[in-house]
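Here's the structure we're looking at; comments come further down.
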There are 2 protein chains.
Amino acid sequence: MVRAGLSPERLTLAGAELADEAGFDQVTLSALARRFDVKVASLYSHLKNSQELKTRIALLALEELADQVAHAVAGRAGKDALMAFANAYRDYARAHPGRYEAARFRLDPRTAAASAGVRHAQMTRAILRGYNLTEPDQTHAVRMLGSVFHGYANLEAAGGFSHTDVASQESWVWTLDSLDAALRNRATP
Amino acid sequence: MVRAGLSPERLTLAGAELADEAGFDQVTLSALARRFDVKVASLYSHLKNSQELKTRIALLALEELADQVAHAVAGRAGKDALMAFANAYRDYARAHPGRYEAARFRLDPRTAAASAGVRHAQMTRAILRGYNLTEPDQTHAVRMLGSVFHGYANLEAAGGFSHTDVASQESWVWTLDSLDAALRNRATP
DNA sequence: GCGTCTACCTAAATCCTGTAGGCAAATCGA
DNA sequence: TCGATTTGCCTACAGGATTTAGGTAGACGC
């Protein structure tokens, strides 16, 4: 009986790949067991339950996304930083739809507070420094940007933008231009 | 043996209520059968499978949402119409979280084309008439507005805006003000 | 080499989906 | 009103996912 060499990390990674290939809701312990050619019960030595698997995939996705955004934004400011941030976000959602979906998985508050989600909020605020907003406007802006990025990625993933011949890329740039203008408008002199 | 008086319509409505109470992913034929005190297999006389149930709930939600938006927007124009539209959208998402989630359920293209989703798109374009946008700007704007509304409702439902003491309502108004300004900025003279 | 730990196993309970076939209530035609 | 047909709900069953309990054999420390 050769051992498969499972671990929470390998299972999480395989789960993330499975999510990208088949959708986050197709990520089951059974599917994962098949992928490793192992019996389902064996996975319970490494993961408490399927909830933990999903949580781990979500945390992985948040981490990866935060890394990519951080890398994209580094050394940029103002509109340049805004565009880099938004593009990193959208690119990740397009390249890793399952992981992106996982990143939206509802975490319990304690887990969320310890996740890379915190870095996302910090980076968003960092972007906004270039726009000279005072509180509470900065908080409002964080929420607005989060909504647009998330909403756009979501609708695009759902195929909502594929029924006209206007390219999604153009709408995206147009949207970011509009947001930039709106934020500059809000700047305190 | 008293008959329960099931029908696709009653099942759909009960499913929608169940979604609001417990979440769309908790909507199962089993749960529905329990609610009607009926055996699961009996439901298959009225619904092809659980996919059809979910699709019907999604269509119901789209219909209801379109009705509410249409009612809210009637007789308004410009920013007034934009606010009414956006508020109707958000209010529905808050009052009926499960149905709202259902409205985002991925429909196959044929079903989607015959759904109230079409009315949503039309109404969004109607709102934008007040901003005097030419194509393709109008399409871009439709996408931007859809993203913001959807993204905001989604993040709010996920509890993403409950960690600071800045009221979500204020951010919402601020966001709508910003969008209005951005759209006015885009108007062709 | 021996004992312990642990990775993976079998077995089984529970729950959800879906199919096949049966009985009785509702309905309709004469 | 009575008989035939339709149909609403049933039992039975099969398949797949989750999860727990308990067993066996490989890996590893001494």
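Reminder, nothing fancy here: chain letters follow the sequence lines and each chain counts from 1.
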Gap between atoms [atom1] and [atom2], on [X] and [N] respectively (whole Å):
X     : N      : atom1 : atom2 : value
A:Y44 : C:dA11 : OH    : P     : 18 Å
A:L6  : C:dT6  : CG    : C1'   : 12 Å
B:L43 : D:dC9  : CG    : P     : 9 Å
B:L32 : D:dG8  : CG    : P     : 16 Å
A:L53 : D:dA17 : CG    : C1'   : 13 Å
A:L11 : C:dC8  : CG    : P     : 9 Å
A:N49 : D:dT19 : CG    : P     : 5 Å
A:F36 : C:dA7  : CZ    : P     : 14 Å

Interatomic distance, CD@B:E17 vs NE2@B:H96, rounded to 0.5 Å, equals 10.0 Å

Which of parallel (below 30°), tilted (30 to 60°) and perpendicular (above 60°) describes B:F105 and B:F24? perpendicular

Once the angle between the rings of B:H150 and B:Y100 is folded into 0 to 90°, is it parallel (under 30°), tilted (30 to 60°) or perpendicular (over 60°)?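 Tilted, since the angle between the ring planes falls between 30° and 60°.
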
Kindly state whether the ring of A:F149 and the ring of A:F85 have centres lying under 6.0 angstrom apart.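 Close enough - the centres of the two rings lie under 6.0 Å apart.
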
What nucleotide among [options] has an atom nearest to a side-chain atom of [X]?
X     : options                : value
A:H46 : D:dT19, C:dA7, D:dA17  : C:dA7
A:L29 : C:dT10, D:dT18, D:dC10 : D:dT18
A:V40 : D:dC10, D:dT19, C:dG18 : D:dT19

Would you classify [X] as touching base, sugar-phosphate or nothing, given that sugar-phosphate means primed atoms plus P, OP1 and OP2, and contacts are heavy atoms under 4.0 Å?
X     : result
B:T28 : sugar-phosphate
A:S45 : base
B:A31 : nothing

Looking at every non-hydrogen atom in both residues, tell me the closest pair between A:H46 and A:P8 and how far apart they are.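 Heavy atoms only, the tightest pair is O-CG, 3.5 Å.
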
Under 4.0 Å: is that the gap between some side-chain N or O of A:R34 and OP1 or OP2 of D:dA17? yes

